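One-based numbering, in listed order, for ligands and for the atoms of each. Sequence positions, counted from 1, serve as the residue numbers for this chain. Worth saying up front: this structure is predicted, and the values here are computed from it rather than measured.
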Amino acid sequence: LVLVLSSRLLQAVCINAVRGNPDSVIAAIDHFCQNQEWAMNVGDEKGAILDSVVMETSPSTVLELGTYCGYSAVRIMRLLPPATRFITLEMNPDYAAVARQVIQHAGLQDKVCLVEGKSADLIPKMADMFGIRTFDFVFFDHWKDCYLPDIRLLEDCGLLDQGSVVLADNVLCPGAPEYLDYVRSSLRFSSRFYRSHLEYTRVLDGLESRTQTGPGSHCGR
Ligand SMILES: O=C(NC/C=C/[C@H]1OC[C@H](O)[C@@H]1O)c1cc([N+](=O)[O-])cc(O)c1O
Ligand SMILES: [Mg+2]
């Protein structure tokens, strides 16, 4: 049976991870990507930074753009209480199908709402579909040229408010230069760069967090 990479990653989780144990799912994926085949999960090094920002923010509402195989969804939701609202968007149905099984293997299926579709289409529907007014924490890990339009869309929809944290993966590699310029340019936000490496490699990469200091854009006009 010829398997695509995401299916081989899922197979490694089913074989090596303990059902209901999120840490073993994370370890199984990292081991697979370090020793068998590279895949674009945020990985263990940047994952530890993601963990620290999530714990520091202790968000009640979380949005993730770019589920891929569910690795960061498992990382984020293993740290947060069941009452947390977590929504993750994935436009590729094959990745979404793998992610659902990875998240289920971790025992987190009741805490994760995975929605298939394009972020540009779904972000304006967040309030209506989920009754969510603002997101306390947003993780960007989808198409890099969508980072800038999508953070603008989140602001225009009033989904970010004072204290909201937006954390973006891959700001150096593959890179999101226009996004970096934007988040580092405005006085209404404080931004911070976390130097790291591209997952499972020694290539330089990093995460950029942006915290809204002033009131939400919809009422700060
Ligand atoms: O494109 C990347 N991620 C975006 C994934 C994009 C989309 O591919 C199809 C699916 O809809 C998924 O959401 C990426 C690429 C590399 N890379 O080294 O090429 C490393 C990373 O951490 C990445 O997140
Ligand atoms: Mg990434």
Side-chain angles (χ1 to χ4, degrees), residues 3-10 12-13 25-26 29-54 62-77 86-103 112-123 125-126 137-151 153-154 165-180 183 191-210:
L3 290 169
V4 292
L5 171 60
S6 53
S7 307
R8 288 196 294 273
L9 183 148
L10 173 61
V13 168
V25 167
I26 292 165
I29 293 173
D30 287 334
H31 185 272
F32 174 79
C33 295
Q34 197 68 58
N35 301 285
Q36 260 81 46
E37 298 181 73
W38 186 91
M40 59 181 170
N41 319 110
V42 72
D44 46 350
E45 187 180 315
K46 287 186 291 179
I49 298 167
L50 170 61
D51 289 355
S52 64
V53 178
V54 166
V62 181
L63 174 66
E64 174 182 68
L65 305 183
T67 318
Y68 186 38
C69 294
Y71 176 91
S72 45
V74 170
R75 277 206 86 108
I76 293 167
M77 286 318 285
F86 179 80
I87 295 163
T88 181
L89 310 183
E90 177 51 62
M91 68 176 221
N92 180 310
D94 300 326
Y95 292 162
V98 165
R100 289 189 201 286
Q101 295 171 80
V102 166
I103 290 160
V112 170
C113 178
L114 196 167
V115 186
E116 288 181 46
K118 290 185 190 308
S119 51
D121 302 336
L122 291 168
I123 287 171
K125 297 175 183 163
M126 284 295 114
F137 182 81
V138 183
F139 183 51
F140 277 18
D141 196 17
H142 58 327
W143 289 123
K144 309 314 160 194
D145 51 12
C146 291
Y147 283 17
L148 181 52
D150 282 353
I151 195 164
L153 185 56
L154 283 166
V165 173
V166 179
L167 184 68
D169 188 27
N170 311 113
V171 295
L172 294 188
C173 176
E178 298 87 359
Y179 174 79
L180 272 187
V183 295
S191 67
R192 176 175 167 186
F193 175 67
Y194 297 86
R195 190 179 182 282
S196 185
H197 297 92
L198 179 69
E199 48 267 24
Y200 318 114
T201 77
R202 291 193 165 85
V203 173
L204 198 61
D205 188 18
L207 300 158
E208 183 88 3
S209 77
R210 186 202 81 166

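R100 has no carboxylate O lying under 4.0 Å from a charged side-chain N of E90, or vice versa, which leaves the two without a salt bridge. For R202 and D205, the salt-bridge test fails: no basic side-chain N is under 4.0 Å from an acidic carboxylate O.
Of the protein's non-hydrogen atoms, the one nearest atom 8 (O) of ligand 1 is W143 CZ2, 3.3 Å. Atom 15 (C) of ligand 1 has its closest protein heavy atom at P174 CG, 3.6 Å. Nearest protein heavy-atom neighbour of atom 5 (C) of ligand 1: M40 CE, 3.7 Å. Nearest protein heavy-atom neighbour of atom 23 (C) of ligand 1: N170 OD1, 3.3 Å. Residue, atom and distance of the protein heavy atom nearest to atom 12 (C) of ligand 1 are E90 OE2, 3.3 Å.
Among all heavy-atom pairs drawn from A176 and Y147, the shortest one is CB-CD2, 3.7 Å. Minimum heavy-atom separation, V98 to S6: CG1-O, 3.6 Å.
Atoms of ligand 1 lying under 4.0 Å from at least one heavy atom of D169, given by number and element, are 22 (O). Atoms of ligand 1 found under 4.0 Å from any heavy atom of Y95, numbered from 1 in the order shown, are 8 (O), 9 (C), 10 (C), 12 (C). Remark: ligand 1 atoms within the under-4.0 Å shell around heavy atoms of E199 are 20 (C), 21 (C), 22 (O). For ligand 1, the atoms lying closer than 4.0 Å to a non-hydrogen atom of N92 are 10 (C), 11 (O). Applying the 4.0 Å criterion to heavy atoms of K144 picks out, from ligand 1, the atoms 1 (O), 2 (C), 3 (N), 4 (C), 14 (C), 23 (C), 24 (O). Close contacts of ligand 1 with H142, meaning ligand atoms under 4.0 Å from a residue heavy atom, involve 3 (N), 4 (C).
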Query raised in the report: Hey, mind stepping through L167 and I49 against side-chain contact (heavy atoms from CB on, under 4.5 Å) and telling me if it holds?
Result: CA-CA 10 Å; L167 184 68; I49 298 167; 5.6 Å; no
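Residue Y68 does not count as close to the Mg ion (ligand 2), with no N, O or S atom under 2.8 Å.
With hydrogens and angles left out, the side-chain atoms of Y179 and D145 include no donor and acceptor closer than 3.5 Å.
Ligand 1 does not have Y200 within reach: every non-hydrogen atom of the residue lies 4.0 Å or more from it. Heavy atoms of Y68 stay at 4.0 angstrom or farther from ligand 1.
E64 has its side chain out of reach of D141: every pair of non-hydrogen atoms, C-beta onward, lies at least 4.5 Å apart. Proximity of K46 to N170: side-chain heavy atoms (C-beta onward) are separated by under 4.5 Å at one or more points.
Its N, O or S atom nearest to the Mg ion (ligand 2) is what matters here, and for D141 that atom is OD1. D169 has its closest N, O or S atom to the Mg ion (ligand 2) at the position named OD2.
The proximity of L198 to ligand 1, defined as any non-hydrogen pair under 4.0 Å, is limited to the side chain. The parts of D141 lying near ligand 1 are both backbone and side chain, judged by heavy-atom distances below 4.0 Å. Neither the backbone nor the side chain of V42 comes within contact range of ligand 1; no heavy atom lies under 4.0 Å.
Atom OH of residue Y71 and atom SG of residue C33 lie 8.0 Å apart, to the nearest 0.5 angstrom.
A donor-acceptor pair under 3.5 Å is formed between the side chain of E45 and the backbone N or O of H197.
Ring planes of F139 and F137: parallel class, angle under 30° (limits at 30 and 60°).
In this structure, Y68 has its ring center no closer than 6.0 Å to that of H142.
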